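Report on the following structure.
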Amino acid sequence: MTRAAPAAVVAVEDLVVEFRASRSIAALLRGISARRLRAVDGVSFTIARHETLGLVGESGSGKTTLGRALLGLYRASEGRITFEGAPIRAQKTRELRALRQHMQMVFQDPYSSLNPRMTVGQTLGEVLRFHAVCAKSEVVAEVAKLLELVGLSADMAARYPSALSGGQRQRVGLARALAVRPNFLVLDEPVAALDVSIQAQILNLLQDLRDELGLTILFIAHELSVVRHMSTRLAVMYLGKIVEIGAADAIFSAPSHPYTQGLMKAVPRLIPERRHREAVLKGDVPSPLAVPSGCRFHPRCPMARDLCRAETPPVVALGDGHEAACHFAEEAARTWAATSGGATV
Amino acid sequence: MTALTARSISAAFAVRGEIGRWSVTMKVGVSIVGLIVLAGIFAPVVAPYNPYFQDYDQVLLPPSWDHLFGTDMVGRDLFSRVIYGIRIDLTVGFIITYVPMIYGVALGALAGYFGGTFDVVLMRVLDTAIAFPFLVLIIVIIAILGPGVHNIYIAVFLVAWTMYARLARAEMLVERNKDYMLAARTLGYPTSRIIFRHALPNIINSSIVFSMADFVLNVLLLSGLSFLGLGVQPPEPEWGAMVAEGRDFIFDAWWICTLPGLAIVLTGTGLSLIGDGLSQRLGQRHQTIL
Amino acid sequence: MGTDAARTASRRAGSGEVVLEVSGLVTEFRLAHGTIRANADVFLRVRKGATLGVVGESGSGKSVLCRAILRLIPSPPGFVTAGRVLFEGRDLLTLSERQMRRVRGTQIKMVFQNPMTSLNPVWPIGDQITEGLRVHYGLGRAAARRQGIELLRQVGIPSPEARAREYPFQWSGGMLQRAVVAMAMAGEPKLLLADELTTALDVTIQDQILALLLEIQERTGMAMVLVSHDMAVVAETCDEVAVMYAGQIMETAPTKALFNDPKHPYTVGLMNSIPSVERRDDRLLPIPGQPPDLTRLNPGCPFAARCSHASPDCAETPVALREVGPAHHSACLYPERIGA
Amino acid sequence: MRLFHETERCLKSGARGIAVLAAGALLATGLLAATAATHDADAEEAKRGGVLRFALPEEPLNLTGFKISDNGSIWAIEQICDSLIEPDDSGYGLRPALAESWTISDDGMVYEFKLREAKFSSGDPVTIDDVLFSLDQAADPEGYLGFVFPAMTREAVGEHVLRITLTEPFTPLLSVVSLFAAGIISKNVYEADPEQFGVAPVCAGPFKVESYERGSKLVLLPNEHYWDRRADGGPAAYLDRIEMLYVPETNVRMLGLKGGDYDVVNVVPLNQAKSVEADPNLTLEVSPSFRLDYVYLNHEAAPLDDKRIRLALNYAANREAILKVVYFGYGTIPNSYMPIINYHCDTVALIPYDPAKAKALVEEAGYDGTAIEVMVPSGDAPARQAAQVLQQGWEAAGLTIEIVELDVGTAYGRTEEGDFQAFVSYITSDTNDQDFLASIQADYNVFNSFFSAYKNEDVVQWLVQARQASDPAVRAELYCKAQQQTYGDGYSVPLNFKPFVNAYANYVKGFHNSVTGPWWLKDVWLDK
């Protein structure tokens with residue numbers, strides 16, 4: 001939606017990521033081509049240096065696919081991704097290997113993101129050696145430094161992941177990502193699998209590291225509260241498209257897409273009062289193999305009109321880089337301010 | 001690959017002073033198999049007689065201090081033959097277990113990781129191979145190639161790798177989607193490193209556990225084939241062949257088939273116990289704490 | 001929604017008829033590396049038409065508690081070694097397995113986190129819903145089918161006649177969870193145990209399921225135990241709350257009292273750990289340290305090691321729930337230190 | 001080619017070996033002088049009645065004589081079907097059966113057989129049509145044993161005489177006519193349903209089939225229409241009933257005998273013979289047989305193409321050890337490439353066990369180390385044992401020996417194709433003349449000297465002369481020369497003249513194994 005600014009670390013233009021459904025041997029022999037599924041369907045945005053862009057949406061919205069595409073794990077079917085001005089191309093493994101010194105990822109599930117057959121020290125040491133981050137003789141010391149950085153003691157290096165708690169594993173995952181000294185991190189639901197008391201520790205750690213190391217972050221999450229806590233900017237995805245993007249504060253105070261509003265209303269509050277209302281958003285996210293016409297949100301939208309069913313909505317600029325892809329974005333923002341706006345901020 | 005297997009096994013055994021934590025089954029199994037292997041290695045020392053020498057004045061002697069297991073119908077010392085038989089049975093058993101395993105696991109892992117046409121074709125090959133009864137297939141192949149150890153290697157290999165390929169592929173399909181595999185990719189590791197260094201140690205457990213049972217079955221298979229005259233040829237002291245030779249003498253010289261038969265049973269038991277122990281240990285590693 | 005204000009009021013006051021009372025419940029798991037007390041001296045009470053929230057982190061024993069109530073603990077290694085589970089005056093722990101099956105089939109239902117594992121993938125969903133009706137209520141095929149479709153309609157499945165013939169893989173996660181709820185509703189149970197029912201769901205679908213549960217409760221007056229790790233979910237949906245930690249109940253109170261005036265440092269810690277969607281905090285206040293190893297608990301308060309208010313005696317003095325307000329109990333030795 | 005084909009099938013049955021013809025002038029003049037009345041040989045008063053339970057290792061495949069060549073079938077058919085002539089009690093001679101007498105023209109070209117007044121088990125008379133039909137089937141060149149019949153015409157002379165006219169003299173004709181395959185069957189019954197005949201034959205032998213369960217047992221009853229009667233006027237068969245039980249597992253047969261489940265077992269394993277002998281309730285019968293156990297050699301396969309190597313194999317063969325450990329002392333060390341049939345030559349000197357001589361021969365031959373592959377039929381324990389004893393001696397002589405166990409069919413197949421070096425096997429004869437086995441093995445015009453590729457023109461000439469000679473003394477001398485020469489050429493490695501070994505309960509009387517293989521169960525009675 002925005003042109004790549006010089007300050008942008010990551011720029012994404014009209015990105016499309018498609019998957020092919022697997023074929024039977026009969027189809028293979030007959031040469032029938034596989035069905036294609038658009039997980040990311042024409043997305044453009046940038047991430048500025050030292051910025052944390054939050055990316056939210058329901059499962060199936062394509063946010064994880066988008067995050068992985070940024071790291072070249074999936075091939076872009078259309079559009080382009082640049083990192084520090086250099087194109088990310090999944091098929092160019094050698095190019096990518098060089099770029100990966102600067103971009104890394106942390107995964108959701110701390111139970112599966114570490115190789116169970118390797119000790120923490122082996123996992124981290126392998127990264128250091130493979131990318132020649134430091135001299136071979138300094139690997140042990142560097143591992144200890146990394147562990148310390150994420151708040152673990154150096155003697156953890158001898159342990160296998162099975163001997164660590166979820167929070168400790170997530171710290172190791174973070175250390176592994178940081179081992180190559182990247183300046184850009186994709187955090188894919190990094191605290192979703194953690195208990196709240198541990199989640200808070202990790203969130204604080206992430207904040208500290210971001211400030212200390214000057215990291216640029218794409219923070220993928222489904223929990224709005226966590227995203228709000230971490231992000232400076234926010235992008236909301238629905239069925240492969242970004243429906244609203246802008247400064248986090250702006251969106252939280254004046255969400256201008258009915259979907260963003262629905263998401264925010266659906267979050268349970270820490271208010272000890274038995275709620276008396278119906279669900280905000282009805283139904284499920286449609287299958288990406290059967291995308292609705294016009295605005296793809298219209299079947300679930302409380303404001304949907306004929307126009308929404310017929311035409312793809314334009315991107316409406318709402319000032320300060322706040323944009324929403326809705327025919328009635330301004331009306332939606334006004335309605336929000338009138339009904340529940342006061343309660344939110 | 002073998003180095004990895006060894007590494008994996010040693011990790012499973014947790015050699016770093018953890019023998020005390022082995023289960024009882026594991027200890028008993030390792031002791032039995034260890035003793036048998038040692039006896040095989042030092043066969044020239046352990047065996048009191050030349051296992052091939054026929055002394056026609058000493059035929060069909062019952063077990064005694066001179067001949068611990070007695071003598072057979074052509075006057076050979078049975079104990080010496082059983083001891084030398086270890087070399088044949090365990091060596092052949094090992095080769096027809098682990099060579100197919102190496103190939104099967106590698107192919108299965110590659111198919112599971114890459115998927116696509118290669119995987120589809122491989123799966124159909126596996127389905128076809130598994131549709132035939134294992135033993136019948138092997139007997140048919142040996143009938144075509146002729147009897148003898150080398151043809152057993154070929155015949156068993158042609159059939160046995162499929163089981164490992166299936167196991168490894170299934171495990172790889174699970175493992176492929178785990179985040180640590182993705183993490184290895186984001187770290188820019190080459191695909192071969194990801195498959196063989198990262199995935200393999202995690203997918204090979206089931207194959208190792210299976211291989212122990214397979215090893216037992218393969219020793220029995222070799223004995224069975226030799227029993228049918230399709231395996232190791234006379235006068236080599238193969239256990240199954242010895243049982244076959246002794247079968248006609250079961251009433252008046254029970255020791256000829258009974259004692260080599262016991263050697264088969266003992267070896268099988270030892271290997272099974274190790275298999276049980278291994279599956280417990282390797283299984284534990286994946287258990288999450290309650 | 002046709003809420004009966006008076007009835008709601010009476011529930012809030014906690015004066016409804018008690019459906020379930022658990023007291024002194026101890027559940028142990030005897031494992032190779034030691035014995036784990038998953039529930040230690042648990043006390044809780046659920047009233048007709050009301051919802052009890054049980055919150056706690058993983059390993060706090062809340063799921064074990066649900067299973068212990070329904071006697072679904074795998075044994076060995078699990079054993080219920082003490083306590084009573086009174087359901088409508090009968091101690092469930094003393095029933096025969098046959099009687100217990102009857103209770104599980106008709107009066108107390110339980111729903112789990114992962115709908116895919118609660119449903120058999122090779123059966124049409126409609127059949128799975130009617131199975132309980134046919135087994136426990138002896139309904140004929142046609143009658144069971146009619147009622148199954150009606151149940152699906154009540155949980156908001158569109159065109160239930162057609163969709164009843166479909167298989168689990170054809171349904172979305174949210175719809176499957178509705179189907180699970182529909183199964184549980186067959187025969188109108190008196191008590192529903194919901195174990196992390198919405199944890200795996202998106203926030204929008206969670207919203208739908210919670211709305212559905214509350215609507216059903218309004219309509220049928222059943223009692224609910226809602227187990228969750230999410231304080232906000234509990235705050236919005238429960239009448240009373242029990243906070244569990246390391247197998248013990250740390251604090252229990254009417255929802256308002258608990259959230260407005262918590263009397264246990266752990267409850268406070270949990271609330272401080274949660275980032276808010278309402279405002280942007282610069283810094284969260286996490287609970288320091290790690291949850292304890294359940295095989296090596298000290299005799300005193302299990303939270304002592306992580307508690308900023310703890311005194312040396314906290315780790316040594318066995319704790320017990322003490323009344324700190326109207327229907328408000330805390331296991332803390334020094335509840336007065338909170339907020340100070 | 002046809003001959004080859006037929007032999008192949010015989011061989012593949014793996015059991016009986018080659019059916020052999022010929023009864024010479026000796027038989028015609030001497031042995032056949034005896035009449036049919038040989039039944040009262042038993043000094044004791046035979047008792048009638050009872051059931052004989054006979055456990056056998058092979059079962060019949062088909063009870064139509066000209067369709068089979070397996071032991072199980074032959075054993076049964078010998079009890080059910082009579083030929084015109086039959087072997088006598090010993091098996092060395094012949095005696096009249098359905099033909100009560102016959103004449104041979106002076107030039108040996110025309111034979112006339114006078115039929116007896118006899119009836120089939122169905123009660124129908126045996127007619128000249130049945131005889132012609134049966135011999136047509138047996139002599140059919142496409143049939144299993146058709147190849148043993150010489151060129152001839154067969155015709156009826158009146159209602160009771162069969163005339164056979166040969167195109168050239170063929171002395172062994174009477175033996176051919178005595179074959180089980182030439183048994184006389186009821187033409188009408190066979191033609192009505194040839195398949196059914198295979199399980200329910202109608203013949204004119206002493207017994208008839210009551211029931212036949214494949215894989216289990218064949219039950220025989222006395223044929224009340226059998227042409228011969230005992231001296232007391234009663235039927236020839238003493239027994240009420242015979243159960244021929246199919247018990248393939250050797251140990252089960254032996255246990256069953258000892259446990260009283262069976263009255264008779266045949267093919268007793270030699271290692272268990274001693275224990276039968278020691279059993280006071282059992283009788284062990286060891287009787288001579290037309291069988292030689294020997295190692296086939298392929299004279300065209302190096303290094304066996306060198307006579308010195310073949311002789312070395314013979315000198316290094318520790319036959320005493322083999323007789324002791326493989327045959328447990330049963331049998332005789334052979335001095336011939338042939339079984340002991342009529343005209344066996346006793347004077348041929350044995351090649352002794354002489355390892356030093358063997359070694360010297362191997363060295364002299366300049367043996368290059370080419371391995372000799374010795375085929376052993378898989379599952380044949382004595383053959384495998386013998387091979388191992390031989391291997392020890394042969395390797396001591398400096399030869400390289402590899403034993404290969406092969407399925408019997410595969411081993412025979414390779415033998416017939418000449419794709420072998422050595423094969424531990426045996427040969428047997430169904431009839432009692434030396435001629436056919438001698439020729440088939442040593443005359444390279446017939447089956448390439450039984451696949452050995454042995455070529456010696458002298459031997460061939462001697463054999464032809466012997467076949468045509470009418471004087472027994474001349475024949476004996478010629479066969480002696482042939483045996484001496486062939487044996488001395490290292491034709492094969494003969495191992496043992498192996499006897500038949502049967503065992504039965506002491507109350508079984510009159511059981512006797514004929515040298516050609518079968519027994520006369522009509523003479524058997526039970527003393528209990």
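Computed from a prediction, not measured in an experiment: that's the story for all the values here. By convention in this document, chain letters (A, B, ...) are assigned in the order of the sequence lines, proteins followed by strands, and residues within each chain are numbered from 1.
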So D:Q385 and B:E245, side-chain contact (heavy atoms from CB on, under 4.5 Å) or not? Walk me through it.
CA-CA 8 Å; D:Q385 240 172 288; B:E245 282 181 337; over 6 Å; no
B:L60 vs D:F328, test: side-chain contact (heavy atoms from CB on, under 4.5 Å). Steps then yes/no.
CA-CA 11 Å; B:L60 298 178; D:F328 291 85; 3.7 Å; yes
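For the residue pair D:E405 and B:S226, the shortest heavy atom distance occurs at OE1-O, 4.2 Å. Shortest non-hydrogen contact noted between B:M73 and D:V325 is O-CB, 3.2 Å. Listed here is the closest heavy atom pair of B:Y52 and D:Q392: O-OE1, 3.4 Å.
Between B:P234 and D:V376 there is no side-chain heavy-atom pair separated by less than 4.5 Å. The side-chain heavy atoms of D:S378 and B:L230, taken from C-beta on, include no pair separated by under 4.5 Å. D:Q388 places a side-chain heavy atom less than 4.5 Å from the side chain of B:Q54.
Only the side chain of D:L255 comes within contact range of chain B, with at least one heavy atom under 4.5 Å from a heavy atom of that chain. In this structure, the portions of B:R247 lying under 4.5 Å from any heavy atom of chain D include both its backbone and its side chain. Using a 4.5 Å cut-off between heavy atoms, B:F251 contacts chain D through its side chain alone, with no backbone atom that close. Only the side chain of D:N318 comes within less than 4.5 Å of a heavy atom of chain B; its backbone N, CA, C and O stay farther away. With a 4.5 angstrom heavy-atom cutoff, D:E249 touches chain B only via side-chain atoms. The parts of D:Q272 that come within reach of chain B are both its backbone and its side chain, each placing non-hydrogen atoms under 4.5 angstrom from that chain.
Taking the charged nitrogens against the carboxylate oxygens, D:R384 and B:D248 have no contact shorter than 4.0 Å, which rules out a salt bridge.
Here CD1 of B:I256 is found 8.5 Å from CG of D:N271. Values are rounded to the nearest 0.5 Å.
Your options are D:A387, D:P382, D:A321, D:P269, and the one with the most heavy-atom pairs under 4.5 Å with chain B is D:A321. In terms of non-hydrogen atom pairs under 4.5 Å with chain D, the most contact-rich of B:D252, B:I250, B:D57, B:D72 is B:D252.
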